[in-house]
Amino acid sequence: MKSGFVSIIGRPNVGKSTLLNTIMDRKIAIVSPKAQTTRNNIMGIYHDEDTQIVFIDTPGIHKPKHSLGKALNSQAYYSINDVDILVLVVDISERYGSGDKFVLDKLKDIDKPVILVLNKIDKIPKEMILRKIDEYKDLYDFKEIIPLSVIKKEDTDILIKEIKKYLTDDIKYYDDDYITDKNAEFFAAEYVREKILNYTNEEVPHAITCITENIKPGKDAIEVDVLIIVERENLKKIIIGHNGEMIKKIGIDSRKDIEALFGKKVYLNLFVKTVPKWRDKERYLIEFGYKNNE
Ligand SMILES: Nc1nc2c(ncn2[C@@H]2O[C@H](COP(=O)(O)OP(=O)(O)OP(=O)(O)O)[C@@H](O)[C@H]2O)c(=O)[nH]1
Ligand SMILES: [Mg+2]
């Protein structure tokens with residue numbers, strides 16, 4: 001038995017959460033085209049006949065402009081120090097820039113294997129791949145550089161094979177049926193937040209929080225209440241939409257995900273509430289761990 005802890009780190013929007021989901025074959029972390037989708041470190045535990053790898057998906061590392069940004073970064077930094085191996089994901093279709101340097105600087109004094117994943121090769125011409133590998137190999141002493149597309153299972157299988165080379169523990173940390181550290185309340189709220197991020201065009205990511213208020217198991221169905229908190233009345237209008245069409249769409253699609261989670265019929269109730277200066281409130285501060293980070 002080989003095992004170990006592996007953190008998936010990188011800039012926002014490079015595909016870290018998509019990578020975790022493909023490895024785990026299920027939706028552990030929510031995904032969207034907007035930066036800073038992931039707000040919490042999320043564990044996904046990969047099991048096969050001779051290996052257990054505890055993956056940690058982390059919020060994207062970026063130059064923080066506000067205290068939420070700082071709290072997101074500090075979760076990623078915490079995980080860097082806490083694991084055996086790092087998987088650094090970059091978007092190969094983007095030019096190397098100051099944001100990438102900012103992340104590499106964080107790895108300067110790290111004495112553990114770092115595997116570089118050059119993600120989204122489906123977006124670039126093949127001949128560019130070698131050039132990118134060349135560019136990155138001079139920037140840091142990566143143990144491996146793997147160009148791939150994390151939306152493809154065959155590609156993430158290659159990554160698993162490489163990670164196995166660097167696993168040093170021989171302890172089974174978790175039971176075979178334990179796949180994540182998050183509970184149903186967390187996932188229900190996250191699925192709703194994912195739909196909001198994906199269906200609305202506005203700058204909503206930082207200004208919304210979803211909280212599962214209630215999960216009531218019934219005989220044939222489970223009733224789930226999710227509260228969507230926004231800071232401004234106009235965001236509430238966007239989320240509800242014309243004639244309530246947006247909130248209906250958000251509800252229908254997140255209900256499907258929550259039903260898949262429970263394997264049971266779900267009645268989902270969504271509530272939208274405007275709380276001005278929500279980010280100054282106690283509940284929010286505790287949720288994002290500011291109290292510990294600042
Ligand atoms: N074309 C392509 N798109 C991808 C690939 N992997 C991820 N994406 C897209 O990239 C976007 C960001 O993906 P996420 O997995 O949310 O990225 P992330 O790194 O977790 O982002 P944060 O949580 O904000 O730090 C989504 O729109 C994904 O569908 C890939 O291999 N190819
Ligand atoms: Mg993410």
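When reading the values below, keep in mind they use all heavy atoms of this one structure, side chains included, and skip hydrogens, waters and symmetry mates. Every number for a ligand or one of its atoms is a count from 1 in the order of the listing.
Considering both main-chain and side-chain atoms, Ile30 never comes within under 3.5 Å of ligand 1 through any nitrogen or oxygen pair. At least one N or O atom of Ser149 sits closer than 3.5 Å to an N or O atom of ligand 1.
Ring centroids of Tyr178 and Tyr173 are separated by 6.0 Å or more, keeping the two rings apart.
In this structure, Glu259 does not pair ionically with Lys264, as no charged nitrogen and carboxylate oxygen lie closer than 4.0 Å.
The closest approach between a heavy atom of Ser32 and any atom of ligand 1 is below 4.0 Å.
With a 4.0 Å cut-off on non-hydrogen atoms, Val89 does not touch ligand 1 at all. Counting heavy atoms under 4.0 Å from ligand 1, residue Asn119 touches it through the side chain alone.
Here the protein heavy atom with the shortest distance to atom 12 (C) of ligand 1 is Asn13 OD1, 3.2 Å. Atom 25 (O) of ligand 1 has its closest protein heavy atom at Lys16 NZ, 2.7 Å.
Ring geometry for Tyr284 versus Trp278: interplanar angle over 60°, hence perpendicular rather than tilted (30 to 60°).
Side-chain N/O atoms of Asp122 and Ser149 include a donor and acceptor closer than 3.5 Å.
Atoms of ligand 1 lying under 4.0 Å from any heavy atom of Gln36, numbered from 1 in the order shown and given with element: 24 (O).
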